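Predicted, not measured: the structure shown is a model, and the values here were computed from it.
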Amino acid sequence: MIKLTWYSHACLMLETKSAKILVDPFITGNPLSPIDPERLKADYIFVSHGHADHLGDTESIARNCSSTVIANPEISGWLQSKGIEKIQHIQIGGAVKFPWGKAKMTYATHSSSLPDGSYGGNPGGFIFYVGDKKIYHACDTGLFGDMTLIGEEGIDIAFLPIGDAYTMGIEDSVKAVNFIKPDKVVPIHYGTFELISQNPEDWGEQIKKETDSEPVILRPGDSIKL
Ligand code: NI
Ligand code: MN
């Protein structure tokens, strides 16, 4: 069994029997976040790209929890320069094994700079393989045709941005669902700021009408078990 908790924006917690795995912990300064950053504990933190709304509280959580941070070499190096010691490099197309399963970094079409303006390497998304479950977290991306390759993996649940402006909007996320064909799909990266406000119910109706996947709309802090 795996428990997935969405903390708004792109922040996702995966809890397996043995590990707490956090992705893109943007908590401080996030108007939708339902939790204090001090209360978020993680054994592993995955960072998709360098933007502040994804790197977020990575540094402080990693320091408090002695978490292992998994990110591209540019973000890893930046965190190491801040004194974060437990680092695991990953790059697009590469997978890394962990005691709880495996994670692969996927392509994302976006940009990546660090809060001080320095180069943040390539942005990515992640596929998590835990037991027989496959979870795709697209993070920040526009639509791209190679999502069909991600679909070939047999995705149980996909987390896709729908906010538009910085990422895919609703229309392209429906196309993405038809490329990926996950059993379930959860909308993310919307509503946090004015520029990315969306009606998730409208999105859900379109997913039901135009795809074979089940839309799952979570409120910040809600969980789903697989
Ligand atoms: Ni971004
Ligand atoms: Mn973002």
Side-chain angles (χ1 to χ4, degrees), residues 4-14 23-27 29-34 46-49 51-56 92 105-112 122-128 134-224 226:
L4 307 168
T5 305
W6 181 60
Y7 288 111
S8 78
H9 213 61
C11 182
L12 183 69
M13 172 74 87
L14 299 85
V23 186
D24 286 359
F26 171 45
I27 306 297
N30 173 352
L32 294 185
S33 172
F46 285 77
V47 183
S48 66
H49 64 292
H51 293 157
D53 60 321
H54 296 261
L55 185 68
I92 292 169
M105 193 175 203
T106 58
Y107 178 77
T109 177
H110 193 65
S111 69
S112 175
N122 286 316
F126 300 103
I127 303 173
F128 297 96
K134 291 171 189 155
I135 298 133
Y136 173 47
H137 187 339
C139 303
D140 278 7
T141 188
L143 181 68
F144 55 92
D146 283 355
M147 283 179 171
T148 51
L149 296 175
I150 293 170
E152 284 174 11
E153 307 248 356
I155 300 297
D156 292 284
I157 187 166
F159 292 80
L160 300 183
I162 66 162
D164 228 334
Y166 300 106
T167 68
M168 293 187 282
I170 287 180
E171 261 177 55
D172 280 356
S173 81
V174 173
K175 287 185 185 168
V177 170
N178 280 322
F179 286 160
I180 302 160
K181 303 187 190 307
D183 289 345
K184 294 181 167 67
V185 57
V186 180
I188 62 165
H189 211 276
Y190 70 94
T192 327
F193 314 111
E194 183 75 33
L195 187 58
I196 58 171
S197 60
Q198 292 287 12
N199 183 338
E201 307 295 337
D202 289 348
W203 170 86
E205 287 308 312
Q206 289 192 44
I207 294 293
K208 277 187 206 158
K209 229 181 284 170
E210 295 169 38
T211 81
D212 294 324
S213 301
E214 178 195 343
V216 178
I217 298 167
L218 300 176
R219 289 160 306 179
D222 278 357
S223 299
I224 181 169
L226 289 185

Asker: For I207, which of P187, P215, P200 qualifies under side-chain contact (heavy atoms from CB on, under 4.5 Å)?
Answerer: P215
Asker: Ignoring hydrogens and geometry, is there a side-chain-to-backbone donor-acceptor pair from S197 to E194 under 3.5 Å?
Answerer: yes
Asker: Which of these, I188, I27, V23, sits in a side-chain contact (heavy atoms from CB on, under 4.5 Å) with C11?
Answerer: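 Single pass found, and it is I27.
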Asker: Do the side chains of V186 and L160 get nearer than 4.5 Å, heavy atoms only?
Answerer: no
Asker: Going through the distances and angles, do I224 and W6 end up as a side-chain contact (heavy atoms from CB on, under 4.5 Å)?
Answerer: CA-CA 9 Å; I224 181 169; W6 181 60; over 6 Å; no
Asker: Are the side chains of V174 and T211 in touch, meaning some heavy atoms are under 4.5 Å apart?
Answerer: yes
Asker: So do the side chains of P182 and Y136 get within less than 4.5 Å of each other, counting heavy atoms only?
Answerer: no
Asker: Atom CG of N178 and atom OG1 of T148: how far apart are they, to the nearest 0.5 Å?
Answerer: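 Answer for the CG-OG1 pair, N178 versus T148, is 12.0 Å.
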Asker: Got a second to check how far L218's CG is from S223's OG, nearest 0.5 Å?
Answerer: 8.0 Å
Asker: Over 60° means perpendicular and under 30° means parallel, so classify the ring planes of H54 and H189, tilted if in between.
Answerer: parallel
Asker: Looking only at non-hydrogen atoms, find the nearest pair between W203 and I217 and report the distance.
Answerer: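 Looking at all heavy atoms of both residues, the shortest contact is CZ3-CG1, 4.1 Å.
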Asker: Holding to salt bridge (Lys or Arg N to Asp or Glu O under 4.0 Å), I want the full list of residues that pass it with D202, two or more places apart in sequence or in another chain.
Answerer: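 Per chain and number, D202 pairs via salt bridge (Lys or Arg N to Asp or Glu O under 4.0 Å) with no residue.
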Asker: For E171, look at atom CD and say whether over 12 heavy atoms of other residues, nucleotides or ligands are found less than 6.0 Å away.
Answerer: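 Not more than 12 within 6.0 Å, no.
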Asker: Hey, is the main chain of E205 close enough, under 3.5 Å, to the side chain of K208 for a donor-acceptor pair?
Answerer: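 Checking the backbone N and O of E205 against the side chain of K208, no donor-acceptor pair under 3.5 Å is found.
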Asker: Mind checking whether T106 and I150 have side chains closer than 4.5 Å, heavy atoms only?
Answerer: yes
Asker: Testing N30, D24, D53 one by one against H9 for a side-chain hydrogen bond (donor to acceptor under 3.5 Å, both in side chains), which residue passes?
Answerer: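 Option passing the side-chain hydrogen bond (donor to acceptor under 3.5 Å, both in side chains) with H9: D53.
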Asker: Could you tell me how the ring of H137 sits relative to the ring of F159: parallel (under 30°), tilted (30 to 60°) or perpendicular (over 60°)?
Answerer: tilted
Asker: Judged by atom type as modelled, is there a donor-acceptor pair below 3.5 Å linking the side chain of K134 to the main-chain atoms of E153?
Answerer: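 Between the backbone of E153 and the side chain of K134 there is a qualifying donor-acceptor contact (under 3.5 Å).
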Asker: Does some side-chain heavy atom of L4 sit less than 4.5 Å from a side-chain heavy atom of I135?
Answerer: yes
Asker: Please examine the side chains of D183 and I155, heavy atoms only from C-beta on, and report whether any two atoms are closer than 4.5 Å.
Answerer: no
Asker: Determine whether S48 and F126 make a side-chain contact, defined as any pair of heavy atoms from C-beta on separated by less than 4.5 Å.
Answerer: yes
Asker: Just by distance, do the side chain of T141 and the backbone of T109 share a donor-acceptor pair under 3.5 Å?
Answerer: yes
Asker: Got a second to check how far D164's CG is from D172's CG, nearest 0.5 Å?
Answerer: 7.5 Å
Asker: Checking K181 against D212 for the side-chain contact (heavy atoms from CB on, under 4.5 Å) test, could you report, in this order, the C-alpha distance in whole Å, the side-chain angles of both residues, the deciding distance, and whether it holds?
Answerer: CA-CA 7 Å; K181 303 187 190 307; D212 294 324; 5.9 Å; no
Asker: Please report the closest heavy-atom contact between C139 and P161, naming both atoms and the distance.
Answerer: O-CG, 3.3 Å
Asker: Hey, does the side chain of Q198 reach the backbone of I162 with a donor-acceptor pair shorter than 3.5 angstrom?
Answerer: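 Indeed, once roles are kept as given, a pair shorter than 3.5 Å links the two residues.
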Asker: Quick one: are the ring centres of Y7 and F26 less than 6.0 Å apart?
Answerer: no
Asker: So, H51 versus D140: side-chain donor-acceptor pair below 3.5 Å or not?
Answerer: no
Asker: For M147 and G142, work out which heavy atoms get closest and say how close.
Answerer: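 Nearest pair, atom of M147 first, then G142: CE-O, 3.9 Å.
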Asker: Taking the side chain as every heavy atom from C-beta outward, state whether Y166 and L195 have any atom pair closer than 4.5 Å.
Answerer: yes
